[in-house]
Structures are given as C-alpha cells and as structure tokens.
Amino acid sequence: MNIFNYYRDKNVQLLEEMVANGELPAGLDYSRVKVEPPREAAHGDMATNAAMVLAKPAGKNPRQLGDLLVAKMKKLPEIREASVAGPGFVNFRLVNTEWSSVLIDILSAGVHYGDSKMGKGEKVNVEYVSVNPTGPMHAGHVRGAVIGDTLANLLEKSGFDVTREYYFNDAGTQVDVLARTAYLRYREALSENIGEVPEGLYPGDYMKDVGQALAKRDGKKWLGKDEKEWLVPIRDFSVRTMMDMIKQDLALIGITHEVFSNEREVVEGGTLDKVFKILQDMDLIYTGTLPPPKGKEMEDWEPAELTLFRSSKFGDSSDRPLKKRDGTWAYIMPDIAYHFDKIQRGYKWMINVLGKDHGNYLDKMRPAVAALSGGKARIDVMFCGMVKILKDGVPVKFSKRSGNIITLREMIEEVGADATRFFMLSRTPDSELEFDFAKVVEQTKDNPVFYVQYAHARCCSVLRNAKELWPDTDVSAAALAKTDVKRLNSEEELKLVRMMAGWPRYVESAAEAHEPHRVTIYLHDLASEFHAFWNKGSDDTTLRFLIEQDKELSPALVVFAGILWYAYPRGAEKYSDMDVPVVKADTSPVKTVPADPGGMEVPHQDSTVFDPLQKNPAAEIEKLLPAQEEPINKDVDIKPAKPGLKSPTKDVKSSPDKVEVPKVVVAKPAIAASGDVYVQLGSYHDMSAVKRDWEKLKKKFPDLFGTLDMKIEKVDLAGKGTYYRLQAGTTTADHAKEICAALKAAHSVGCIVVRK
RNA sequence: GCGCCCGUAGCUCAACUGGAUAGAGUGUUGGCCUCCGAAGCCAGAGGUUGUGGGUUCGACUCCCGCCGGGCGCACCA
C-alpha cells in the first residue's frame, strides 16, 4: 500500500464533503491534487498542494482554502497536526502508530511491497538487448540490457502486463558472414591449418567454440563441399549456437526474455508484403523522388524514383523509401513489419531500449506504427547513453579487429552481477556513464554499490547476532510481522520508517518516467538513513537494533531495511522465499576492529583494492556503443603507426618490489625545425566531413589553428577506398607537437605529424 | 543547415515530470570507536541551475531566442 496515495484519497474525500455541504463549488477537478513528503522534514510528514491547485476553480485564495482543509483534517484521529504554510501548502503529521503500522505492511507484503495497480493490467511490450547473433554480449551492450530489464520489472511491479522481448536479425548479410566464419573454424576444429582469419570475417576466438561444436555434431560432412550446400545449415547452426551463448550470458545478470523474435520469420512469413499491401490500401504508398538531404554535401547524390511511404502524414520530416532503387526492400521494412506483428499480438504500447546512436529510429518507426494501428498503438524509445569503460582509471580501447572486447561475461566475473546492474543504473539513462572496473569493486563509500551493500551487510549481521543471542527466536519476516511495532516511536526510528514508506512512490515514479535509475538513488538514500541510524546506536544504546532485554522489538527494523534491498533491480518473483532477500554483500567482516582502539588503520579512500585484469591497458578509444556487430575491415580509419612507440613486450623482467615508473620518452621526430610540417587531424570518406571538422576545430582551438591553413590530401588505399586526410600547416615540428599535446589533452581528435 | 538530447558546487552526479531554503558523493576543515561491522557517522565551507526573455501564486523543470557540447540526418545495417 502506498500510504501517500491513501492520504491523498483521504484529502479528496474531505474536499468532497466540503462540496457536499456547500463550502466549495461542485465540479472540481481533483486530478492535480497530490500528497507528497515535503522536501524539508521539519515541515511535517506529508504535504498536499490541494489548496493551491483548487484555489482558482473554487474561487478562493489558497490560504483560505487551506484553512478550511486544515480544520477538517484536524478532526481525523490519524492526523496529529495540520497547518497551512508558504504559498498554500497544507502540511500535516500523522500519529506515530500510523507510521509504525507501515512496517507491518512491509513485512506481510515482503517483496511485493510497493506493488501497485497503476498499470491496470495494460499490455506493454519492452524490447531490449536485441543483439544480433554474431558475437557474444560485450560490455557496451550491458547498459541497455540492464536498463531495459529493470524498466520491465518496474512496469510489472506497477501493474502492467509486461512482455520482455528480444528481436534479432538473422536474415541479413551479417549472418552469412557468421556462417562463413563458422565454416572456417569448423575446418580448423578438424585440424586444418587456417592461418589468420581473413578480413571480412569475424576474428574473435569465440567462433572457435562454434567450429568445435559443429565438428562434433556433423563430423567431416561438410569438408570440401561447395558453399551453396553448407551455407544454410551452418548458418542456422551458428545462429542457434550464438543465441544460446547470448542467453547464457544474459542469465548471468539475471535477464530472461519471454519472447524471441527474429527477422527471418518476419520476412519468410510474408509479413512484409502484407504490410505493404495494407499501406497501399490506405493510399499511403506512392512513387516519387525525394529532395537531396539538406546541409550535407553529397557528391554522389542523384535523384531516383523510389517507392515511398507517406510518413510525413504522421509527423515525419519527409516521406521514407520502403523499396530501394532496384526494387528490393529497404532496410526499415522488416522493422516496420515486425512492429506490425507486435500490434497484431495486441500491444498498444511498445517500448524499445536502444543506444543513443540509433538517433532517428523513433522518427522512422512512429509514423509506421501510427499508420498500421490506426493511431491506437504507441511506440516509445528509450535511448541509452554510452558507456566509457575504464580499467584503473584508464580508458579501455575497444577494437573488434584485435578481438579486444570486454565481454559481458568477463565483466560479471570481475565485478559481479549485482554491482554491474547497480552501476549501470546509477545515472539517468541517456547520460554518458563511466564504468570504472576499479571503482565498481572499490570498498569505500564513494562507491555507491558498496555503500548500499555495506548497509545490507550490517542488516545481515544484526540478524545473525540476534540468532546467537536468542537461539529460540524466529526472526523470519512472518514472525516479525507479529512484533508490536507500535513501540517503535522514537524520532530516529520513525525517520527510517518514513523513508521506507516512500518506496512505493519511487517505484511508481520510476516506472512512469522510464527512469529506472531512481531505484538506485532511493537505495542510496535509504542506506544513508540506515547508516545514520546505526551510528546513533553508539550514542544512545536504546536505539540499537539488539537490546538484550527486549528481544521482541529489536530486529524488526532491520528486516524492513533488508526487505527493501530486494529493490535491487531484480525480478521480484525470484525471491518469493525470504527471511531477508539477500543482495550479494560480505556477510562477515573483512576488516577487524583492533584490540587497541584509537588508531585504526583505514585504507586510503582513493586507494583501490582491485587488481586490474590487464596491466597494459591501451588508451584512445573510450566510448562504447551498444552497436551492432560488424565484420572487420569496414571503413576503418587508417592511421600510420606512431613512430618511436613500440608495443609493450610481455616478457619484460622486472622484480615486483622495484616498481619503475615507465618514463615517457617522446621520440625526437626526424623533422627539421622549420615550417615544413603538417599535423594530420583525421581522415574521412567524404570531403564535406573534412571541411566541417576543420571549421569545428578552428572554432574550438583558435589559438592552435588560427594561423594555419587546411590541406586536404587525397589518398587511394588499395581495397579500402578513397580517403581525404585533413591536415593543417605548415608549421614547425615543435609547434606541431604542442598542437598534438593540446588536442590529446582535450580528448579531441587524433593527431599525427607529417612532413611536407 | 535540419531534428532529438544535454548544460546544476572545483570534480562526478541528484532533485520524486511545476512546489517551500536546489541536494548527495568527492575534495577541503574539525569532531565521533571499551559500544550491533569506523570501508561508517556528525558538523563547517562551497550556487544568480550556461545566458536573455516569457508563461503563473511558484520554474532546474514548461515556451521562445542566443552561447556551448553530444547524437542522428542514404536506397548502408
């Protein structure tokens, strides 16, 4: 039960009484009336804005109306005090037993505390993860996965009928590449020497397992056969294997989808034609020519007759092609058909969790959904910000080429599922997030994960001690629900209780606003309140959880705190059986209290207790997008290797106790110190991007580039296409170095010194 | 150029979709262990919420204009 809603209804009831006896005019709209905890606890337990929002329609001034309401409220036995304050807030306090009875609610509801019927059983489809089956889940995917899953949990808890769905693409060229890679690894598994994985195939080692599995299942069946024969069966096998792998990975962080959909079924089921026909019948299809994209120099743009969908009728900026020039489907068509399928399955509300880089997905899909549902279905997209992975404070380079990806599995093994989930939820979804391996496992209070876990550990500790103190006492939630909680009435205790009473409000607001991170904020606040209460026990022994003379009362509070830990974003149903739903945390001390108090050594707060996975982290690329896997080789920015820098050799022998800080030696460039040097700032596929970036840079670093000119160097790299290199010059070698240093410091662009 | 998102303490972020004196952590200053876990707690200092207007009882929140940043803008996937 949400006690705030309860009193909101109570207030509305009072107002209705006032209407009934003529104090207020009839027909008032109460929908904006809210009851909330006041921002300042000193103001009271609860506050309502009723007088302010109803003043105008009621033809009274807010304070006048407030006074009327206060008079009514004061007659209620549950309300101890009420008054009008500020611009017209009505603040009120409840009698203590009202609060302490919340504890009984919590204990009897258990993990269902905070459930509500807000959603009224409405069907919602939450689609998230949706990683294509071409590789394992990696660190960049995790955030969207966690956010989507938690949102689904919250919606479910709030009374929606939620379906967790996963959609994967198994019909494009990517899965063919997957099949070819699998075939190669299959040959390898049958002891063929395959050498390096050729460009265009997936280089990762995970494909070895697929090859092995295939060899185990089919033996030498496919050796020497033509691709035409093996492509389809091996593709199916690989897709299945990869999906199994992904599902296992997801299970590691407690994510299970109910429905898996795939593109192939959509395509082969003929849905595309069906959807097209429907749109045609609605007269939303025509053949026409689109204007060229604005503001973007397109050298190779030429007008073409295309099959277009009148999406602009549904708020899109322009109509969109559904078929390519050659008559085949455009890539958005399967997605549209897939959403049609969802609509047909009865969803009026669909939520997609995507990476921020899919910027215009919603623009493209919303018109189609509107058209195909007759305006009855709604699609929302949550865009998740990027994750910057750091190891020991150093950004981790992410490159598929070298197979250097941090997989979800590695991440979980390193920091644990709970910490991962918590951390991924610690910021608003669309913001960028720094995920520092060292910080996540750091055991200090600047690690919110630990801070919350520590509070939980203390709860466990109390229960453990309670069992020791009173071996015969039942400390299960059910037993504690019978505790005489009315005796909990000190201000300190009630403060904690009020905090717990607020949980249902957080659940609702987080679900409504699609902001699962509010859960972690709540937990942090709750933990903070808990720690504060704990320490009060030092000054005042009557505020301890365990009071030897009073075994009935003591542990009750702890259990509530413990119950709320469930809120840790995981599925409620998984914890049906509970004393205290346990979140992973140390249940035993890892640091002992010294016998001689007064000089306890505490680790420095900035220090870490984490041993990094890799000691040779590479810098540079620092953003991870939950993006689609792609075969290597596409459009890679080609940069010459930096002169003078060798990759660190592994077998450098150095004694561990003599740690040498590696000296950064900047190799002296073999360039004369006169104006005969350019700095190369980037390399692009199209000319307009070069110009655009140059303008940007000039604006951003006027001091650096003010006097320099732009030079564009065109290069043809065999097999890789044409590149335009952006260079600035000429200048001296020293100045060039300065520029590069400054750019590096600003994390802006790469910078290479080149000769004239 | 167009569209979407963002700009809050020195730093990293909140602020319960319009509420009261904008809060936490970090850093800094001081205090608290004979006591349920001191990896904790308490207190001090730190702000014209990028900027200029508007809407109203009331704006970090909504609207408009600027400034600064991110992402997206193909018939590619």
Side-chain angles (χ1 to χ4, degrees), chain A residues 32 34 36-40 43 47 49 52-53 55-56 61-62 85-89 91 132 169 172-174 290 293-296 298 301 304 306-307 317 321-326 328-332 355-363 383 385-386 426-428 430-432 434 442-448 450-451 454-455 457-458 461-462 464-466 469 502 505-506 508-510 512-513 515 517-518 521-522 524-525 528 531-539 541 544-547 554 558 586 588-594 597-598 600 602-603 605-606 609 625 628 630 634 700:
Chain A
R32 287 174 61 211
K34 288 195 286 191
E36 296 177 310
R39 192 163 276 184
E40 202 65 48
H43 291 140
N49 60 352
M52 290 184 290
V53 297
K56 219 180 226 175
N61 82 47
F89 284 100
N91 296 323
N132 284 339
N169 181 332
T173 53
Q174 285 187 34
L290 286 176
K294 282 175 197 156
K296 212 184 165 189
M298 301 278 294
W301 192 87
L306 296 167
T307 306
S317 51
L322 294 187
K323 284 184 182 177
K324 292 186 227 169
R325 190 179 299 204
D326 62 7
T328 58
W329 295 114
Y331 82 101
I332 53 165
K356 238 183 176 176
D357 54 328
H358 292 71
N360 60 348
Y361 187 82
L362 186 59
D363 298 339
F383 295 103
M386 295 175 276
S426 59
R427 301 256 186 284
T428 60
D430 61 0
S431 68
E432 223 180 86
E434 256 186 26
E442 188 175 293
Q443 302 194 331
T444 68
K445 72 172 171 183
D446 67 330
N447 177 1
F450 177 78
Y451 185 78
Y454 184 45
R458 280 175 154 178
S461 168
V462 171
R464 199 174 48 243
N465 288 330
L469 205 51
R505 301 182 64 247
Y506 269 84
E508 280 185 16
S509 77
E512 224 167 13
E515 293 192 352
H517 74 287
R518 287 184 192 177
I521 289 169
Y522 173 80
H524 192 272
D525 288 350
S528 171
H531 285 308
F533 182 68
W534 179 282
N535 272 68
K536 290 237 172 69
S538 310
D539 306 329
T541 48
R544 295 180 154 213
F545 288 98
L546 300 176
I547 302 165
S554 311
V558 184
D586 289 326
S588 60
V590 290
K591 193 98 187 175
T592 47
V593 180
M600 181 165 180
V602 173
Q605 297 199 321
D606 287 342
V609 285
L625 283 170
Q628 303 281 345
E630 280 173 32
K634 289 180 75 183
K700 202 166 169 183

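- Summary of the strand contacts: S509(A) and E434(A) both lie near RNA chain B, and taking for each the nucleotide with the nearest heavy atom, the more 5' one is attributed to E434(A).
- Proximity of Y506(A) to the phosphate of U17(B): no side-chain N or O atom is located under 4.0 Å from OP1 or OP2.
- In terms of position on RNA chain B, the residue among R325(A) and S317(A) whose nearest nucleotide sits closer to the 5' end is S317(A).
- Geometrically, K324(A) does not engage W329(A) in a cation-pi contact, judged by NZ or CZ lying under 6.0 Å from the ring centre and within 45° of the ring axis.
- For the pair S426(A) and C13(B), the criterion of a side-chain N or O lying under 4.0 Å from OP1 or OP2 is not met.
- Applying the 3.5 Å distance criterion, the base of C13(B) shares no donor-acceptor pair with the side chain of R427(A).
- Remark: the separation of the C1' atoms in C64(B) and U55(B) is 11 Å, to the nearest Å.
- Taking the C1' atom of each, A39(B) and A45(B) are spaced 25 Å apart, rounded to whole Å.
- With hydrogens and angles left out, the side chain of N91(A) and the base of A20(B) share a donor-acceptor pair within 3.5 Å.
- The side chain of K324(A) places an N or O atom within less than 4.0 Å of a non-bridging phosphate oxygen (OP1 or OP2) of C76(B).
- Under 4.0 angstrom from either OP1 or OP2 of G19(B) there lies no side-chain N or O belonging to R32(A).
- Distances shown here put a side-chain N or O of W534(A) below 4.0 Å from the OP1 or OP2 atom of A38(B).
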